[in-house]
Protein chains: 2
Amino acid sequence: MKIPLDHAAAIGNVVRASRKAQKIRQDDAAGSIGVSENFLGKIERGDESVQWGKLFQVLEGLGVRIVVDVPDNVAAWLNERRDDRGRS
Amino acid sequence: MKIPLDHAAAIGNVVRASRKAQKIRQDDAAGSIGVSENFLGKIERGDESVQWGKLFQVLEGLGVRIVVDVPDNVAAWLNERRDDRGRS
DNA sequence: ATTAAATCCTCACGGTTGTAAGGATTTTTG
DNA sequence: CAAAAATCCTTACAACCGTGAGGATTTAAT
């Protein structure tokens, strides 16, 4: 099921719902994901100040995938790779 | 165009590509979005420590939409609204 | 209704983030 | 190729984040 995010805090609801769908508690989920229970609780309550990388870790741990939706013309610039600049 | 994110840092490429597709410089984009040029540069280079809320602000400013993809059974828990608990 | 379980909140701490300014480096332009 | 433009990097600073511990509050179970 694909859910568009219309504001940053909304991801908290998704995280909580995903965890509950798996019938696991915050502390157990946090433990297996590798973050603190405090942190997971913070995310679920919609705190926007959390670090993107840690949030992504949580999403991965809960089987939530992120898809970015961009205008089609952006694709051409995506293929302009930064690592094709002789930095191998 | 929908692009799945397989790691947190990849969003930097999307942000840069989106900005370039609009033919605007980092400092101009940052100014109109309301963040520092330093910060935008950091995001584009794939820094995962950036705050989720600020990142979302940048994505919005560049017309990038975020979609979360969850298993269908999560939907039922999403409808279990927290704000339906007499807090109006 | 009472008790147990789960979640939220506070505190303290070491480490860190976004901003602004300015210079170094890279990329683009002509 | 040289110069201009754009981006990256460093420094300093005030505000702050993730963790862990422990208690307060809310929710679930009986």
Side-chain angles (χ1 to χ4, degrees), chain A residues 8-62 64 74 76-88, chain B residues 8-62 64 74 76-88:
Chain A
I11 206 159
N13 299 323
V14 177
V15 167
R16 193 186 295 272
S18 298
R19 176 178 61 83
K20 287 186 171 181
Q22 295 176 44
K23 313 286 186 200
I24 47 181
R25 303 172 348 197
Q26 273 189 356
D27 54 357
D28 287 335
S32 61
I33 290 169
V35 298
S36 73
E37 182 195 336
N38 273 332
F39 180 67
L40 181 56
K42 202 170 165 191
I43 289 179
E44 293 192 2
R45 296 191 292 281
D47 192 315
E48 303 181 16
S49 68
V50 296
Q51 284 188 9
W52 162 237
K54 305 275 311 186
L55 170 59
F56 192 87
Q57 182 182 337
V58 166
L59 293 169
E60 271 191 315
L62 290 174
V64 178
V74 173
W77 299 94
L78 273 170
N79 297 328
E80 183 199 56
R81 303 280 295 271
R82 292 190 80 204
D83 56 355
D84 282 354
R85 288 191 286 180
R87 284 202 200 174
S88 54
Chain B
I11 207 159
N13 300 323
V14 177
V15 167
R16 194 185 296 270
S18 298
R19 174 178 62 82
K20 287 186 171 182
Q22 296 174 44
K23 313 286 184 198
I24 47 181
R25 305 173 344 197
Q26 274 190 354
D27 55 355
D28 287 335
S32 61
I33 289 169
V35 298
S36 71
E37 180 195 339
N38 273 330
F39 181 67
L40 181 55
K42 200 171 166 191
I43 289 179
E44 294 192 358
R45 295 191 294 281
D47 192 314
E48 302 180 17
S49 67
V50 295
Q51 285 190 8
W52 162 237
K54 306 275 312 186
L55 171 58
F56 192 87
Q57 182 181 340
V58 167
L59 293 169
E60 271 190 315
L62 291 173
V64 178
V74 173
W77 299 93
L78 273 171
N79 297 329
E80 183 200 58
R81 302 279 295 273
R82 294 189 80 204
D83 56 356
D84 283 354
R85 289 191 286 179
R87 283 199 201 177
S88 53

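Quick note: numbers below take in every heavy atom, side chains included, and nothing from hydrogens, waters or symmetry partners. The sequence lines fix the lettering, A, B, ..., with proteins before strands; numbering per chain opens at 1.
Using a 4.0 Å cutoff on non-hydrogen atoms, no part of residues 22-32 of chain A comes near DNA chain D.
Side-chain N/O atoms of B/Glu44 and B/Gln26 include a donor and acceptor closer than 3.5 Å. A/Asn38 and A/Ser36 share no donor-acceptor pair across their side chains, judged by distance under 3.5 Å alone.
Residue pairs meeting the ring pair (Phe, Tyr, Trp, His ring centres under 6.0 Å) criterion with at least one member in residues 25-54 of chain B, sequence neighbours excluded: A/Trp52-B/Trp52, B/Trp52-B/Phe56. Applying the salt bridge (charged side-chain N to carboxylate O under 4.0 Å, His left out) test to residues at least two apart or on different chains, the pairs with a partner in residues 20-34 of chain A are A/Lys20-B/Glu80, A/Arg25-A/Asp27, A/Arg25-A/Asp28.
In terms of heavy atoms, B/Val64 sits closest to B/Ser18 at CG2-OG, 3.3 Å. Closest non-hydrogen pair, A/Gly34 versus A/Gln57, comes out as O-NE2, 3.6 Å.
Annotation: the terminal axes of the helix from C/dA1-D/dT30 to C/dG30-D/dC1 meet at 80°, where each axis is the rotation carrying the C1' atoms of four end pairs onto the next four (5 pairs per end, rounded to 10°).
Looking at heavy atoms from C-beta onward, B/Ile11 lies in side-chain contact with B/Leu59 at the 4.5 angstrom threshold. Residues B/Leu40 and B/Val15 meet the side-chain proximity criterion, which asks for heavy atoms closer than 4.5 Å.
Panel note: side chain A/Arg19, backbone A/Ile24; a donor-acceptor pair is recorded below 3.5 Å.
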- request: Report, as a single string ordered 5' to 3', how protein heavy atoms within less than 4.0 Å touch nucleotides 10-23 of chain D: B base, S sugar-phosphate only, - not at all.
  value: B------SSBBB--
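D/dT27 atom P lies 14 Å from atom CD of A/Glu44, rounded to whole Å. Rounded to whole Å, atom C1' of C/dA6 lies 11 Å from atom CZ of A/Arg16. One atom, CH2 of B/Trp77, and another, C1' of D/dA28, lie 12 Å apart when rounded to the nearest Å.
Residues satisfying the salt bridge (charged side-chain N to carboxylate O under 4.0 Å, His left out) criterion with B/Lys54, sequence neighbours excluded, are absent altogether.
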